Amino acid sequence: MNKSKKEEIREELVMPRCPFCGQAIIADRELIDKKDAEHYAAMHCKCKGAQGYQEKERMKEERRRAEQALRDGIDALGQFCESKRHFLHEDSRKMLFSVGMEVVRGHIDSVSVKLGSIKVSVKLDNDGKLFFKKNYTETDSVRVL
């Protein structure tokens with residue numbers, strides 16, 4: 001008996017198959033479409049191809065988290081700067097994000113930037129978490145003849 005296209009898709013959603021080895025995986029949630037089913041199966045299969053896919057997805061998620069942490073750190077820095085009557089320009093934010101991502105990727109160990117009287121350091125701590133350090137120094141000097 002021939003199955004209709006709709007029935008085939010429904011069956012694939014109920015028993016998704018790993019796109020790498022074809023192993024059927026029992027889903028513990030409702031799947032939206034074929035792409036979602038393949039992703040679900042690949043994330044739950046133990047074959048080599050799926051393990052590579054899982055690692056790639058884990059790295060994507062880590063990068064997304066790191067990017068968000070970096071953006072949050074830059075926003076907090078912006079608020080800190082404003083409290084000291086110093087404005088963090090958009091170009092400075094972009095530069096901090098760019099070099100911060102190089103730290104996250106491990107291309108740079110740490111970076112320090114001086115923005116007027118505010119010094120900012122970005123590095124990873126011993127646990128691999130992003131660390132933002134800011135120092136504010138205010139000196140008052142008068143020139144005497």
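Owing to the predicted nature of the structure, the values given are computational and were not obtained by experimental measurement.
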Sidechain N-carboxylate O distance under 4.0 Å for Glu57, Lys60: yes
All side chain to side chain donor-acceptor pair (under 3.5 Å) counterparts of Glu67, not counting sequence neighbours: Arg63
Contacts of type side chain to side chain donor-acceptor pair (under 3.5 Å), residue Asn126, not counting sequence neighbours: none
Over 12 foreign heavy atoms within 6.0 Å of CD, Glu55: yes
Sidechain N-carboxylate O distance under 4.0 Å for Glu90, Lys94: no
Could you go through residues 73-85 and list every donor-acceptor pair under 3.5 Å that involves a side-chain atom there, pairing it with any protein atom two or more places apart or in another chain?
unit_1: Asp75; atom_1: OD1; unit_2: Arg93; atom_2: NH1; d: 3.1
unit_1: Ser83; atom_1: OG; unit_2: Phe80; atom_2: O; d: 2.6

Listed partners of His86 passing ring pair (Phe, Tyr, Trp, His ring centres under 6.0 Å), at least two apart: none
Asp109 atom CG: more than 12 heavy-atom contacts under 6.0 Å: no
Counterpart residues, side chain to side chain donor-acceptor pair (under 3.5 Å), relative to Arg71 (two or more places apart): none
Partners meeting ring pair (Phe, Tyr, Trp, His ring centres under 6.0 Å) with Phe87 (sequence neighbours left out): His89
Salt bridge present between Arg105 and Glu102 (N-O < 4.0 angstrom): yes
Derivation and outcome, side chain to side chain donor-acceptor pair (under 3.5 Å), residues Ser121 and Ser112: CA-CA 4 Å; Ser121 299; Ser112 295; 3.1 Å; yes
Nearest atoms (heavy-atom pairs only) where Ala42 meets Gln54: O-NE2, 2.8 Å
